[in-house]
Amino acid sequence: MKSEFLKYQAQTSPYPLALEISHAKGSYIYDTNKKAYLDFVAGVSACTLGHSHPKVIEAIKNQADKYLHVMVYGEYAQQPAVQLCQFMAKHLPDPLEATYLVNSGTEAIEGAIKLARRVTGRSQIIAAHNAYHGNTMGSLSLMDFEERKAPFRPLLPDISHITFNYEPHFKHITQKTAAVIVETIQGGAGFIEPTNDYLAKLKTRCHEVGALLILDEIQPGIGRTGKLFGFQNYNVIPDIVVTGKGLGGGLPIGAFTASKTHMDTLQNSPKLGHITTFGGNPLIAASALATLKQVVNSDLMSEVLNKEKLIKKHLKHPLITKIRGRGLMLAALTTSEDITNQVILEAQNQGLILFWLLFEPKALRITPPLTISNEELIKGCGIIIDLLNKISDQNKS
């Protein structure tokens with residue numbers, strides 16, 4: 001299968017990992033040779049409940065027996081999508097009450113940008129240095145990494161950047177600003193948390209000048225930080241919240257949520273202010289609803305912070321300089337990019353799935369399913385420590 005994968009399926013890097021997948025269940029992925037791999041990545045934070053969770057599979061099968069796609073988004077009332085949006089409204093603070101369902105996180109970012117410009121009548125969007133919000137043209141425009149942007153210019157105009165956690169840059173947020181968009185916890189930059197009440201102060205500055213605050217919850221949302229939404233840790237309520245990844249329970253989804261008043265602006269002048277064919281797909285909405293219900297109605301969120309402590313307890317090594325993030329959104333930084341690469345690649349050989357972060361080459365991504373057991377966490381951390389010990393021994397010899 002590997003040769004056909006490389007020949008016929010478009011690739012995103014010169015050297016993909018190319019693991020040949022047979023099936024996945026719980027915290028494990030299995031290859032076609034029946035080898036088991038403990039998953040410390042969860043599809044890059046997407047598989048909130050692990051692989052093939054019975055309640056998610058049941059919801060998908062039940063919906064598949066009824067109907068799949070029937071009409072473009074927003075025309076028919078379909079129970080899975082209605083119930084999903086209602087559930088999100090119930091568990092989000094006011095005024096976040098109306099949700100637009102789309103197909104991915106980056107599409108939700110595009111919708112949020114359009115909504116902010118529509119509501120405010122302004123064009124300037126301010127993002128953060130080292131931000132990552134996706135790779136479609138609008139989302140890519142928010143990035144400040146010129147190496148990635150240059151081949152695709154011209155991009156979306158009137159984009160500016162501020163430094164995350166740096167309050168003096170608030171002066172750049174003015175009455176020309178439609179919205180400021182930041183990740184609640186910066187992902188690609190290395191899982192950097194807001195400090196010193198930064199997000200609340202950012203919201204205050206936005207409202208002083210009539211701008212909207214958009215928080216990107218695509219990675220920290222859906223219980224990963226110990227709260228259903230990451231911003232609930234930081235004393236702030238955004239004007240627009242964007243979700244994706246873990247919301248779908250392993251299926252593709254994105255969503256942006258705002259007040260009903262704001263969202264209604266997409267209905268007119270022009271009509272169809274945002275359009276998607278498959279957004280709110282009943283199969284995916286059923287999976288998302290089952291995922292949310294399991295996260296909310298179980299002990300998973302209360303266990304997340306204890307699992308964070310367990311990881312930090314068992315990942316102590318001279319070659320690990322720090323562990324950033326919160327809950328099960330963690331980045332262990334080694335002393336060099338080369339060591340990080342060695343650990344990630346050799347861990348796969350040892351039956352442990354790790355992965356990189358986009359802008360922090362020293363980081364080991366640790367974003368396992370919320371359902372991972374303490375024993376599995378200790379096992380995975382032990383593999384990492386063993387690999388670091390071998391690297392230390394090699395460096396001494």
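All heavy atoms count here, side chains included; hydrogens, waters and symmetry mates do not.
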Q. Would Glu375 and Lys379 pass as an ion pair if we require N to O under 4.0 Å?
A. no
(Q) Can you tell me how far apart CZ (Phe191) and CD1 (Ile366) are? Round to the nearest 0.5 Å. (A) 9.5 Å
Q. Is any NZ, NE, NH1 or NH2 atom of the basic residue among Glu193 and Arg326 found under 4.0 Å from an Asp or Glu carboxylate oxygen of the other?
A. yes
Q) What distance separates Leu212 CG from Arg122 CZ, expressed to the nearest 0.5 Å? A) 8.5 Å
(Q) Could you check, using the six-membered ring where one of them is a Trp, whether Phe145 and Phe359 have ring centers closer than 6.0 angstrom? (A) yes
Q: Taking Thr177 for its side chain and Ile173 for its backbone only, find out whether a donor-acceptor pair lies under 3.5 Å.
A: no
Q: Report yes or no: does Asp39 contribute a side-chain atom to a donor-acceptor pair with the main-chain N or O of Ser27 at less than 3.5 Å?
A: no
Q | Note: Asp264-Lys260 ion pair, threshold 4.0 Å (strictly below) | A | yes
Q: State whether Glu376 and Lys307 are salt-bridged, where the test is any N-O pair (Lys NZ or Arg NE/NH1/NH2 against Asp/Glu carboxylate O) under 4.0 Å.
A: no
Q) Can you name the nearest heavy-atom pair linking Leu315 to Ile320, along with the distance? A) O-CD1, 3.6 Å
**Q.** Closest heavy-atom pair and its distance - His51, Ile29
**A.** NE2-CG1, 3.7 Å
Q) Are more than 12 heavy atoms from other residues, nucleotides or ligands located less than 6.0 Å from atom CD of Glu20? A) yes
**Q.** Between Asn135 and Thr106, a side-chain donor and acceptor under 3.5 Å
**A.** no
